[in-house]
Amino acid sequence: MQIFRTVREMQAWSLGRRAEGRRIALVPTMGALHEGHLALIDAAKKQADEVVLSIYVNPTQFGPQEDFDKYPRTFDRDSDLAEQRGVAAIFAPSNEEMYPAGHQTFVTVTELSRGLCGAFRPGHFRGVTTVVAKLFLIVQPQRAFFGEKDYQQLKVIQRMVADLNIPVEVIGVETVRDPDGLAMSSRNAYLSPEERSEALAISRSIALAQDLVKQGTHDCKNILDQVQGLLFQGKFTMVQYAEIVDEEMLAPLAAVERPARLILAVYINGKRLIDNGPLRP
Ligand code: PAF
């Protein structure tokens, strides 16, 4: 497995592989790999000849009060896992390599970035789309794999690729959960055992919404009241937002009459977790 730290080396390798007719898949990550990332690598391996894993904690997607400094950085463990999983190359640049002095170009997806997480994390999606556009140009993949856990991120990136005619197929992979239902996230490492057990209410609230829809409740206010009722039982829990939105446009819905998503951001004792699940009428 190759490890590249510079744009020049990474791009040269990818262009070389493409010239040989090899299909490249990119799995972009910020490291601290868990089973969710490994599922992305496995999906990528099935649909490409070479899998490139990027590991980069991107400063432009973190707000000033957010966890950029304490975000877990576990490069040695990550590269061992990547090698065991058959990754061909890791791209792990420095900040100076990604944002050299004088950098001033950003990519913004206007509408889809506005609501949900975008409303509470100003500039977050601008940072994500900028770094992902750069990764696409550096790694030159034909396909890229993202987890559905960051559902808004997935939709924003798919929109960017369509709007800018970027020749990369963006593929969403279903959220991987622990056996008790908690969605895998690098930020789960911040939770104490007590907080983790309270966080299980998040996936339970999604299951509750799915059951309500199955039983014929389509009114979003009614569903969201019951979701909030379940979450409010936790002593550490603060709901930042809970919305039912159209699955593609992410616009809030009054009733689940077409494919929809319940999307939530919840603080457990100050630690922010996000999750979502499909609601099928
Ligand atoms: O989902 C993530 O880990 C990040 O937002 C991404 C896509 C790697 C961009 O930094």
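These numbers come from the heavy atoms of this one structure, side chains and all, not from hydrogens, waters or symmetry mates. All values reported here derive from a predicted model rather than from experimental measurement.
In this structure, Glu96 does not pair ionically with Arg5, as no charged nitrogen and carboxylate oxygen lie closer than 4.0 Å. A salt bridge links Asp67 to Arg187: one of the charged nitrogens lies within less than 4.0 Å of a carboxylate oxygen. Taking a cutoff of 4.0 Å between a charged side-chain nitrogen and a carboxylate oxygen, Arg85 and Asp42 qualify as a salt bridge. Under the 4.0 Å criterion applied to side-chain N and carboxylate O atoms, Arg121 and Glu66 are assigned as salt-bridge partners.
Cluster membership check: Val52 shares its hydrophobic cluster with Phe4, using side-chain heavy-atom separations under 4.5 Å among Ile, Leu, Val, Met, Phe, Trp and Tyr. No single ILVMFWY cluster, assembled from side-chain heavy atoms under 4.5 Å apart, contains both Ile263 and Val266. Residues Leu40 and Ile90 are members of one and the same hydrophobic cluster, defined by side-chain heavy-atom contacts under 4.5 angstrom among Ile, Leu, Val, Met, Phe, Trp and Tyr.
Using a 4.5 Å heavy-atom cutoff, the side chains of Glu97 and Tyr56 are not in contact. Side-chain contact between Gln142 and Val168 is absent, with no heavy atoms from C-beta onward closer than 4.5 Å. With contacts defined as side-chain heavy-atom distances shorter than 4.5 Å, the pair Gln158/Asp163 does not qualify. Looking only at side-chain heavy atoms (C-beta outward), Val173 and Phe146 stay at 4.5 Å or farther from each other. Side-chain contact between Val132 and Val128 is present, with heavy atoms from C-beta onward closer than 4.5 Å. With a 4.5 Å cut-off on side-chain heavy atoms, Phe91 and Ile138 count as touching. Contact of the Leu264 side chain with the Asn276 side chain is not registered, since no non-hydrogen atoms from C-beta on lie closer than 4.5 Å. A 4.5 Å side-chain heavy-atom check between Ile268 and Tyr190 finds every atom pair outside the cut-off.
Under a 3.5 Å cut-off, the side chain of His103 and the backbone N or O of Thr105 do form a donor-acceptor pair. In this structure, Thr29 contributes its side chain and Gly31 its backbone to a donor-acceptor pair below 3.5 Å. Put simply, the side chain of Thr130 never gets that close to the backbone of Phe106: no donor and acceptor are under 3.5 Å apart. Remark: the backbone N or O of Phe125 is not paired with any side-chain donor or acceptor of Gln153 at under 3.5 angstrom. Judged purely by atom type and a 3.5 angstrom limit, Thr217 has no side-chain atom pairing as donor or acceptor with the backbone of Val213. Gln140 places a side-chain N or O within 3.5 Å of a backbone atom of Leu137 that can act as its donor or acceptor partner. A distance-only check finds no donor-acceptor pair linking the side chain of Thr175 to the backbone of Ala183 [under 3.5 Å]. Checking side-chain atoms of Ser205 against main-chain N and O of Leu230 turns up no donor-acceptor pair under 3.5 Å. His124 contributes a side-chain N or O that, together with a main-chain N or O of Gln61, makes up a donor-acceptor pair within less than 3.5 Å.
Contact detail for Pro259 and Pro281: the closest heavy-atom pair is N-CD, 4.1 Å. The nearest pair of heavy atoms linking Asn95 to Val57 is OD1-O, 4.1 Å. Residue Val139 comes nearest to Ser14 through the heavy atom pair O-OG, 2.7 Å, listed as atom of the first residue, atom of the second, then distance. Here the closest heavy-atom approach between residue Val27 and residue Ala44 is recorded as CG2-CB, 3.8 Å. Closest heavy-atom contact between Ala209 and Ile223: CB-CG2, 3.6 Å. Of all heavy-atom pairs between Ile206 and Gly277, the closest is CG2-CA, 3.7 Å.
The side chain to side chain donor-acceptor pair (under 3.5 Å) pairs that include a residue from residues 221-230 are Lys221-Asp225, Asn222-Gln226, where partners are two or more places apart or lie in different chains.
The environment of Arg258 atom CZ is sparse: at most 12 non-hydrogen atoms of other residues, nucleotides or ligands sit within 6.0 angstrom. The number of heavy-atom neighbours closer than 6.0 Å to CE of Met249, taken from other residues, nucleotides and ligands shown, is 12 or below.
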message: Checking Arg280 against Glu247 for the salt bridge (charged side-chain N to carboxylate O under 4.0 Å, His left out) test, could you report, in this order, the C-alpha distance in whole Å, the side-chain angles of both residues, the deciding distance, and whether it holds?
response: CA-CA 10 Å; Arg280 297 274 178 268; Glu247 200 163 53; 2.9 Å; yes
Arg261 vs Asp246, salt bridge (charged side-chain N to carboxylate O under 4.0 Å, His left out): CA-CA, chis, key distance, verdict: CA-CA 6 Å; Arg261 284 256 156 186; Asp246 172 87; over 6 Å; no
task: Take Lys235 and Glu194 through the salt bridge (charged side-chain N to carboxylate O under 4.0 Å, His left out) test and state the conclusion after the steps.
output: CA-CA 11 Å; Lys235 65 175 175 172; Glu194 204 184 348; 2.9 Å; yes
- prompt: What do the steps show when you test Leu279 against Gln210 for side chain to side chain contact (heavy atoms under 4.5 Å, CB included), and what is the final call?
  reply: CA-CA 6 Å; Leu279 300 178; Gln210 289 170 330; 3.7 Å; yes
query: Phe120 and Tyr241: ring-ring contact (aromatic ring centres under 6.0 Å, His included), yes or no, with the steps?
result: CA-CA 9 Å; Phe120 295 94; Tyr241 70 79; 5.8 Å; yes
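Geometric assessment of Lys45 against the ring of Phe145 yields a negative cation-pi assignment under the 6.0 Å and 45° thresholds. With a 6.0 Å cutoff to the six-membered ring centre and a 45° limit on the axis angle, Arg143 does not count as a cation-pi contact of Phe136. A cation-pi arrangement is absent between Lys271 and Phe236 under the rule of less than 6.0 angstrom and at most 45 degrees off the ring axis.
Note that CG of Leu26 and OG of Ser54 are 5.0 Å apart. Values are rounded to the nearest 0.5 Å. Leu164 CG to Arg159 CZ: the interatomic distance, rounded to the nearest 0.5 Å, is 10.0 Å. Of the inter-residue distances, the one linking Ser197 atom OG with Leu182 atom CG reads 10.5 Å to the nearest 0.5 angstrom. The structure places CD1 of Ile274 at 4.5 Å from SG of Cys117, a figure rounded to the nearest 0.5 Å. Atoms OH and CD, from Tyr99 and Gln104 in turn, are 14.0 Å apart once rounded to the nearest 0.5 Å. Considering CD of Glu20 and CZ of Arg18, their distance stands at 12.5 Å, rounded to 0.5 Å.
For Thr237 and Tyr267, the side-chain atoms include no donor-acceptor pair closer than 3.5 Å. Asn58 and Tyr71 form no side-chain donor-acceptor contact under 3.5 Å, judged by distance and modelled atom types alone. There is a side-chain donor-acceptor pair under 3.5 Å between Glu9 and Thr6. Side-chain N/O atoms of Lys155 and Gln152 include no donor and acceptor closer than 3.5 Å.
Remark: Asp178 pairs with Arg196 by the salt bridge (Lys or Arg N to Asp or Glu O under 4.0 Å) rule, at least two apart or across chains.
Taking the six-membered ring where tryptophan is involved, the planes of Phe62 and Phe68 are perpendicular, since the angle between them exceeds 60° and thus also 30°.
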Mind listing the side-chain donor-acceptor pairs of residues 74-83 below 3.5 Å, one per line with the distance, residues two or more places apart or on another chain?
unit_1	atom_1	unit_2	atom_2	d
Thr74	OG1	Asp78	OD1	3.1
Thr74	OG1	Asp78	OD2	3.3
Arg77	NH1	Leu33	O	3.2
Asp78	OD1	Leu33	N	3.1
Asp78	OD2	Ala32	N	2.8
Ser79	OG	Phe75	O	3.2
Ser79	OG	Asp76	O	3.1

